[in-house]
Q: 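What follows is a structure written as structure tokens; I'll ask about it next.
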2 protein chains.
Amino acid sequence: MSQGVEWALHTCLNLTWLDTPAPAGVLAAFYELPPAYLNKQLQALVRAGILTSVPGPRGGFQLARAPETISLLDIVTAIEGPEELLRCDQILNKGPGSHAGVDYRQSCAFAQAMRGADLAWRRELAAKTVADIRADVTRLHPSSSADTRARIDALR
Amino acid sequence: MSQGVEWALHTCLNLTWLDTPAPAGVLAAFYELPPAYLNKQLQALVRAGILTSVPGPRGGFQLARAPETISLLDIVTAIEGPEELLRCDQILNKGPGSHAGVDYRQSCAFAQAMRGADLAWRRELAAKTVADIRADVTRLHPSSSADTRARIDALR
DNA sequence: GGTCTCCTACTCGGATACATAATGTCCGAGTCCCCACGG
DNA sequence: CCGTGGGGACTCGGACATTATGTATCCGAGTAGGAGACC
């Protein structure tokens, strides 16, 4: 799975502490990431409606909606795309009892099982929001909010 | 996720109908797959202890143990490797409050959440065995056993 | 002093290279089967 | 007729190309902000 997912998750969390846009360069410097490449990932989050971008000076990225409404699944699908974990190519079509017009994504027993596992995975990810993570972090490290804001301002 | 997983799943199911080894070429022709590449995937299943291979004429691959003891997870991990879906690179180490000696695979809230989803996925896959799939298929298509055996023999 | 204009610096956004892993192919080592030969 | 040895064909196994995907980079379009000139 793409490494950009991890970057996107942490960056979204960092953005929850802020109330003004932060440029991609600053967000990248936070974890010493390649700035242009993080920018690319953030663009995907913008397309998914998770972030909004403002160009020009004092511009950057910020959350498009409340952290409570952003699930981890939203971020993962924004980066990785909507395809399920195992893309079923319906090789049964090439098999012996292949009837044209049959959708083996539905009838194939393996596809059903894999889809079930895929749904379980997505259910877990959909249940956890960025706000939940922020609450967990705040509980363990109450200074995170101030620390993050300070560091962002220092890099700005 | 690698396409070889789908091939391995269906091939293992086909092998449950047989009691003699089947060569990779025959198993590949069953679904019109590239023979040498399927061979490569089957080698991984052998290394994982799911199949056994016998060389020479009348040789090929066969199940190493009862289908009831082969879970879908076994096959997936044999092909894809044991890594979890999202490999956490601990980018927090580069962050502000990074304390050396802390394993962020454990403490990072995102890593925990992703690990939970990963476990849910694996639990689903581990619960379903090749024998379960075979039972499902037999229920819907009782002729599958004879059909598969006949086709394998025809290709042999 | 206030206001308008222009210019500069800064940002995102997409088009462009590079690296890595998945996919696909090929040939060699080992093994079994079959057949011919000898007893 | 039966046992035995050798040749041939078949199989896996790993080493070698090729393609696709993820990773990384660069430059252009657009915008806000500020400096300077003019009223």
Side-chain angles (χ1 to χ4, degrees), chain A residues 1-8 11 15 18 20-29 31-64 76 78-83 85-87 89 91 152 155-156, chain B residues 1-8 11 15 18 20-29 31-64 76 78-83 85-87 89 91 152 155-156:
Chain A
M1 173 156 294
S2 178
Q3 197 59 35
V5 173
E6 187 180 4
W7 303 357
T11 299
L15 286 175
L18 307 177
T20 60
V26 171
L27 296 170
Y31 295 118
E32 300 180 12
L33 303 175
Y37 190 35
L38 179 65
N39 189 359
K40 189 183 176 72
Q41 311 287 1
L42 297 181
Q43 286 176 30
L45 295 178
V46 172
R47 277 191 293 270
I50 296 172
L51 301 184
T52 56
S53 65
V54 313
R58 314 283 292 170
F61 295 90
Q62 58 185 349
L63 292 182
V76 170
I79 302 292
E80 287 289 308
E83 303 90 20
L85 294 176
L86 177 64
R87 165 178 44 102
D89 266 4
I91 66 173
I152 291 284
L155 295 170
R156 208 180 279 272
Chain B
M1 172 156 297
S2 178
Q3 197 59 36
V5 173
E6 188 180 3
W7 304 356
T11 299
L15 286 175
L18 307 177
T20 60
V26 171
L27 295 171
Y31 295 119
E32 300 180 12
L33 304 175
Y37 191 35
L38 179 64
N39 188 359
K40 190 183 177 73
Q41 310 287 1
L42 297 182
Q43 287 176 31
L45 295 179
V46 171
R47 278 191 291 270
I50 297 173
L51 301 185
T52 57
S53 65
V54 312
R58 313 284 292 174
F61 295 91
Q62 57 185 349
L63 293 182
V76 169
I79 302 293
E80 287 291 308
E83 303 90 21
L85 294 176
L86 178 64
R87 166 177 45 103
D89 266 4
I91 66 175
I152 291 282
L155 295 170
R156 209 180 275 271

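Below, chain A is the first sequence line, B the second, and so on; all start at residue 1.
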Q: For residues 32-46 of chain A, pull every pair meeting salt bridge (Lys or Arg N to Asp or Glu O under 4.0 Å), keeping only residues two or more places apart or in separate chains.
A: Glu32(A)-Lys94(B)
Q: Given that Glu80(B) and Pro35(B) both sit by DNA chain C, which one's nearest nucleotide is further toward the 5' end?
A: Glu80(B)
Q: Does Ser53(A) put a side-chain nitrogen or oxygen below 4.0 Å from OP1 or OP2 of dG13(C)?
A: yes
Q: How far apart are the closest heavy atoms of Ala22(B) and Leu15(B), and which atoms are they?
A: CB-CD2, 4.3 Å
Q: For a 4.5 angstrom cut-off between non-hydrogen side-chain atoms, does Val46(A) reach Thr52(A)?
A: no
Q: NZ of Lys40(B) versus P of dA22(C): gap in Å, rounded?
A: 11 Å
Q: Please state how far atom CD in Glu6(A) lies from atom P in dT23(D), giving the value in whole angstrom units.
A: 11 Å
Q: Any chance CZ of Arg156(A) has more than 12 other-residue heavy atoms, nucleotides or ligands included, within less than 6.0 Å?
A: yes
Q: Please tell me if Gln43(A) has a side-chain N or O lying less than 4.0 Å from either OP1 or OP2 of dG14(C).
A: yes
Q: Flag the pair Trp7(B) / Ser2(B) as yes when at least one side-chain heavy-atom distance between them is below 4.5 Å, and no otherwise.
A: no
Q: Find the distance Arg156(A):CZ to dC10(C):P and express it as a whole number of Å.
A: 14 Å
Q: Both Pro34(A) and Val46(B) contact DNA chain D. Which one's nearest nucleotide lies toward the 5' end?
A: Val46(B)
Q: Would you say Tyr37(A) reaches dT25(D)'s phosphate, i.e. side-chain N/O to OP1/OP2 under 4.0 Å?
A: no
Q: Under 4.0 Å from OP1 or OP2 of dT21(D): is there any side-chain N or O of Ser2(A) that close?
A: no
Q: Give the angle between the helix axes at the two ends of the helix from dG1(C)-dC39(D) to dG39(C)-dC1(D), taking five base pairs at each end and rounding to 10°.
A: 0°
Q: Give a yes or no on whether the backbone of Leu51(B) and the side-chain of Gln62(B) come within a donor-acceptor separation of less than 3.5 Å.
A: no
Q: Using atom CG of Asn39(A) as one end and atom C1' of dC27(D) as the other, report the distance to the nearest whole Å.
A: 13 Å
Q: At under 4.0 Å between heavy atoms, what does Arg47(A) touch on the DNA or RNA strands: base, sugar-phosphate, or nothing?
A: sugar-phosphate
Q: Are side-chain heavy atoms of Arg87(B) and Glu6(A) found at a separation under 4.5 Å?
A: no
Q: Side chain of Trp7(B), heavy atoms from C-beta onward: which of dT25(D), dG24(C), dC12(D) has the nearest atom to it?
A: dG24(C)
Q: Within the structure provided, determine whether Ile152(B) and Leu27(B) are in side-chain contact (heavy-atom separation under 4.5 Å).
A: yes
Q: How does protein contact run along nucleotides 6-11 of chain D, one letter per nucleotide 5' to 3', with B for base contact, S for sugar-phosphate only, - for none, heavy atoms under 4.0 Å?
A: ----BS
Q: Provide, to the nearest angstrom, the distance between the CD1 atom belonging to Ile79(A) and the C1' atom belonging to dT21(D).
A: 15 Å
Q: For residues Phe61(B) and Leu45(B), determine if any side-chain heavy atom of one lies less than 4.5 Å from a side-chain heavy atom of the other.
A: no
Q: Whole Å only: how far is the CG atom of Leu42(A) from the P atom of dG14(C)?
A: 13 Å
Q: Rounded to whole Å, how long is the line connecting atom CE of Met1(B) with atom P of dA21(C)?
A: 16 Å
Q: So which atom in Leu38(A) and which in Ala24(A) form the shortest heavy-atom distance, rounded to 0.1 Å?
A: CD2-O, 4.0 Å
Q: Please state how far atom CZ in Arg87(B) lies from atom C1' in dA21(C), giving the value in whole angstrom units.
A: 11 Å
